[in-house]
Amino acid sequence: MDYKLKVAEVVSQAVDGQLSVDEIVTKIEVPKSLELGDYAFPAFVLAKVLRKAPQMIAQELVEKMDQTGFEKIEAVGPYINFFLDKQAFSQDVLGQILDQADHYGDLDLGQGRQVPIDMSSPNIAKPMSMGHLRSTVIGNSLANILAKANYQPVKINHLGDWGTQFGKLMCAYKMWGSEEEVKKDPIGSLLHYYVRFHEEAESKPELDDQAREWFKRLEDGDEEANFLWKWFREESLKTFTKVYDRLGITFDSYNGEAFYNDKMNEIVDLLEDKGLLKESQGAQIVDLEKYNLNPALIKKSNGTTLYMTRDLAAALYRKRTYDFAQSLYVVGNEQSNHFKQLKAVLKEMGYDWSDDIHHIPFGLITQGGKKLSTRSGRIILLEEVLDEAVELAQKQIEEKNPSLANKEEVAKAVGVGAVVFHDLKNERLNNFDFDLQEVVRFEGETGPYVQYSHARAMSILRKAGKNLSGVQVNLNDPNAWETLRLLGDFDQIIKRAVETYEPSVISKYAIHLAKAFNKYYAHTKVLVEDRELESRLALVQSVAIVLKESLRLLGVKAPDEM
Ligand code: ARG
């Protein structure tokens, strides 16, 4: 609920509209200490308009203010401090949460409009990198967050499934490959053939000619070439899908680069008609000097199209197919120039909707401060990370709760949750150094900590065994205030996450709420039979609902017991 807005309205009324509600909202602060109230308005921002000393302004305004809905409003020096009426607030917030359950915090920013999210998008026959993993996890969370704000996300896995490298791969497979090997370990074997091809081609340049020949066959629709291409794609996808399954992530479309093969001529023709294509050293380019960008490469001198050409075709296809409100590309920061070029070319083509295209970049994962790469052997095997995390979760459960019913399932939820949460807890543009011990840590600001807090709330509710529907909340406990305030913030948190495309807004909030709740729980005997018992349980249930929903938005499960 937007209580800030309410405060702004009260201020605006008191100044007879001399400052608009919108202007005032931007000035309102949240004091560091609860003793200074829940919101504060710095009256000195009015000093110029009203030509008075700020202290006096604060005093006079307070006298004019309508205090309903507030415990008190007071002037302290140049500040006006607002104290919300805790009773009314708790009734309002907890009532709504119990009533709306997991729909609490739903917004209608999107009005049902579609938002394609280009995410994950690994390359066929190559290992999925940490970057692809980050894209998968961030993209999935953004999809959940956008859906909560009534956008309709469309999760697209824009597979790297086309390019001259397939010629090399086929050539190599025909020489050294075996079907059995590929079936056993698709990515491992295909990568191996590919690497061997490069090694041998150094001394045997005729291999490159053969590879070109294979790629030409593929482009011309040759049966064998096409069969191999499809098969490599399918086998690679099987490996990727194992990771997706473990993370519980699905896609709405696997239209990758190859999908645009028959949509490329149109793009080139359109560029031509609009007079945007230029020749440069035999290649076709679009000049982007006025955007301060390097030219966009559309066609190589030998006629083959490029990554950019495919992205142009994809952008147009997505606009036509989804009539999108926004179109997102969750891709590492190192491609930011590519997306600047993509937007600029579309703009040059006269498409206003290029403004609705957003690259959602994220930082690099390093290890020991160094960049990861397949070539240097510095790669992190995701399967192993997940295995380790799940194993650790299993151990903890054996220690803490050996009689737990569905141990294995819970261990999976906790282990995988730890890895996902770790990725989403910092602002996405931050680089981070990968440290397995850190990723599978369960104490401190981690996913399992939030999960434990949720499970604790659920266990209290189970013990109480009360039906809380229709409860008249009457909570007058200062210990509960921080938790209540946070619960009331939920919709504003969602809004901020949508506007900044930042899952970390949600993860930080979840940590904050879990901490506040644990503090509350440490100071309060929830289950004592007294007048406020049901109100306290309403608070506990509300915390459980909002923690679970926050975790869901991040793509993390919340077991009821652990
Ligand atoms: N396959 C590309 C890579 O691994 C990422 C593709 C991102 N999406 C896009 N539409 N360009 O670098």
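Both ligands and their constituent atoms are indexed starting at 1 by order of listing.
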Inset, instruction - Go through the steps to decide whether Thr250 and Lys155 satisfy the test side-chain contact (heavy atoms from CB on, under 4.5 Å), and finish with yes or no. - result: CA-CA 8 Å; Thr250 56; Lys155 293 181 274 181; 3.8 Å; yes

Inset, instruction - Starting from atom 6 (C) of ligand 1, locate the nearest protein heavy atom and write down its residue, its atom name and how far away it is, to 0.1 Å. - result: Tyr307 OH, 3.3 Å

Legend entry - Interatomic distance, Thr305 atom OG1 to Glu219 atom CD [nearest 0.5 angstrom]: 7.0 Å

Inset, instruction - Flag Ser121 as yes when one of its N or O atoms lies below 3.5 Å from any N or O atom of ligand 1, and as no otherwise. - result: yes

Inset, instruction - Select one of side chain, backbone, both or neither to describe which atoms of Phe339 lie under 4.0 Å from any atom of ligand 1, heavy atoms only. - result: side chain

Inset, instruction - Specify side chain, backbone, both or neither for Asp311, according to which of its non-hydrogen atoms lie closer than 4.0 Å to ligand 1. - result: side chain

Inset, instruction - Describe, in one word, how the ring planes of Trp229 and Phe166 are oriented to each other, choosing from parallel (under 30°), tilted (30 to 60°) and perpendicular (over 60°). - result: perpendicular

Legend entry - contact_flag Gln335 ligand 1 heavy-atom lt 4.0 Å: yes

Inset, instruction - Could you tell me which atoms of ligand 1, counted from 1 in the order shown, lie closer than 4.0 angstrom to a heavy atom of His158? - result: 8 (N), 9 (C), 10 (N)

Inset, instruction - For Tyr329, counting its heavy atoms only, list the atoms of ligand 1 lying under 4.0 Å from any of them. - result: 10 (N)

Inset, instruction - Look at Lys184 together with Glu180 and state whether they make a salt bridge at an N to O cut-off of under 4.0 Å. - result: no

Legend entry - Polar side chain donor-acceptor pair, Ser129 to His132, under 3.5 angstrom: yes

Inset, instruction - May I ask you to decide if the ring planes of His198 and Tyr194 are parallel, tilted or perpendicular, using 30° and 60° as cut-offs? - result: perpendicular

Legend entry - Heavy atom of the protein closest to atom 1 (N) of ligand 1 (residue, atom name, distance): Asn123 OD1, 2.7 Å

Inset, instruction - Taking atom CG of Asn292 as the centre, report whether more than 12 heavy atoms of other residues, nucleotides or ligands fall under 6.0 Å from it. - result: no

Legend entry - atom 8 (N) of ligand 1 [closest protein heavy-atom partner, distance rounded to 0.1 Å]: Asp118 OD1, 3.0 Å

Inset, instruction - If you have a sec, work out which protein heavy atom is nearest atom 4 (O) of ligand 1 and how many Å separate them, to one decimal? - result: His132 NE2, 2.7 Å

